Amino acid sequence: MDPDFREKAPAKLWGLAEEKHSRLILALDLYSNNSTQPQEVMNRSISLLESLKDLLAGVKIGLPLSLTLGFERIAELLDTFKQDFYMIADFKLSDIPDINQIALNFFSKLGFDAAIAHLFQGGLRNLRRRSIDLFGVVVMSHPDSRLLQENFQRLIEEASIADVDGVVVGATKESFIRAARKALPEKTILSPGVVVQGARPGSALEYGGDFEIVGRAITRSPDPLSSARKIVEAERDVLSR
Ligand code: BMP
């Protein structure tokens, strides 16, 4: 095990990772369609999180679930599971610093532990946001995310100057994970894009990432528990090498 494990930040995320021996963060992108009601989605979210309590270090919540449930129910969900998971608000903020600050304060009050923001807007370094951890997007997982990739070095510098707690680098982008790890040895790297978007479970950890974010491969699985377990086992296997 990494000897500096206990000193790693963010402390809550790494504490849960150690306790559960898990580097898995669930992207809880459930939403209503014509045949489902918000309360059904709420119930499904609760039972999914209950069943995955021992396997997940964190849960990432963004627009699909928030637009379905509304922020009152989101706050309820966060309150119910605040001891169990590191809760990340993923709205990829990219506004002027004053507006980003207001949003971060609301996320913190709702009960989120962290938020994800874009670095390219340039104002994260001016935030007074210590009530909530912050992750900056460096490279996205989808193939068309070229503008970010072309400005990789500048985004890395911005992540450093803004003093974010960590960065998001797509699991599908091996060379960028390796480069981000080298450039930002102290920062926590979150990597989405596993299974459905093509990255093999555990591969982002192999390249130097710290946590893998997985959504549909679990939420749409006929057996979410078994799918999550297989991913965690693949990750543990990589970490034990
Ligand atoms: P899935 O495993 O279902 O592909 O979901 C991936 C999740 O990670 C989604 O919530 C998406 O918004 C997020 N994400 C991503 O896929 N790529 C990125 O570069 C950044 C993300 O936040």
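In what follows, residues are counted from 1 in the order of the sequence shown. Remember, it's 1-based here, ligands and their atoms both numbered in the order they're listed. This one's a predicted model, so the numbers in the text were calculated from it and none came from an experiment.
Ion pairing of D165 with K8 is absent here, as no side-chain N (NZ or NE/NH1/NH2) approaches a carboxylate O to less than 4.0 Å. We find that D90 and K92 are joined by a salt bridge, their nearest charged nitrogen and carboxylate oxygen being less than 4.0 Å apart. Ion pair D210/R181 flagged as a salt bridge, since at least one NZ, NE, NH1 or NH2 atom sits closer than 4.0 Å to an Asp/Glu carboxylate oxygen.
With hydrogens left out, the protein atom closest to atom 17 (N) of ligand 1 is S141 OG, 2.7 Å, a heavy atom. Scanning the protein for heavy atoms near atom 8 (O) of ligand 1, the closest one is P192 CB, 3.3 Å. Scanning all protein heavy atoms for the shortest distance to atom 7 (C) of ligand 1 gives A27 CB, 3.8 Å. Shortest contact from atom 6 (C) of ligand 1 to any protein heavy atom: Q197 NE2, 3.6 Å. Among all protein heavy atoms, the one lying closest to atom 9 (C) of ligand 1 is D29 OD2, 3.3 Å.
Aromatic ring orientation, Y86 versus F135: perpendicular (interplanar angle above 60°, classes split at 30° and 60°).
Residue M140 has at least one heavy-atom neighbour below 4.0 Å for each of these atoms of ligand 1: 18 (C), 19 (O), 20 (C). Using a 4.0 Å cut-off to heavy atoms of V214, the atoms of ligand 1 that qualify are 2 (O). Against a heavy-atom cut-off of under 4.0 Å, K92 is close to the following atoms of ligand 1: 12 (O), 20 (C), 21 (C), 22 (O).
In this structure the side chain of L26 reaches within 4.5 angstrom of the side chain of L48, judged on heavy atoms. Looking at heavy atoms from C-beta onward, V41 lies out of side-chain contact with Y31 at the 4.5 angstrom threshold.
At a cut-off of 3.5 Å, with distance as the only test, a side-chain donor of S35 or N33 sits close to an acceptor on the other residue.
The N/O atoms of G215, backbone and side chain alike, include one that comes under 3.5 Å of an N/O atom in ligand 1.
Under a 3.5 Å cut-off, the side chain of S141 and the backbone N or O of K173 do not form any donor-acceptor pair.
Using 4.0 Å as the threshold, K60 has a heavy atom nearer than that to some atom of ligand 1.
Under 4.0 angstrom from ligand 1, the non-hydrogen atoms of D90 all belong to its side chain.
Of the listed residues (R220, E212, R216, K173), the one carrying the non-hydrogen atom nearest atom 1 (P) of ligand 1 is R216.
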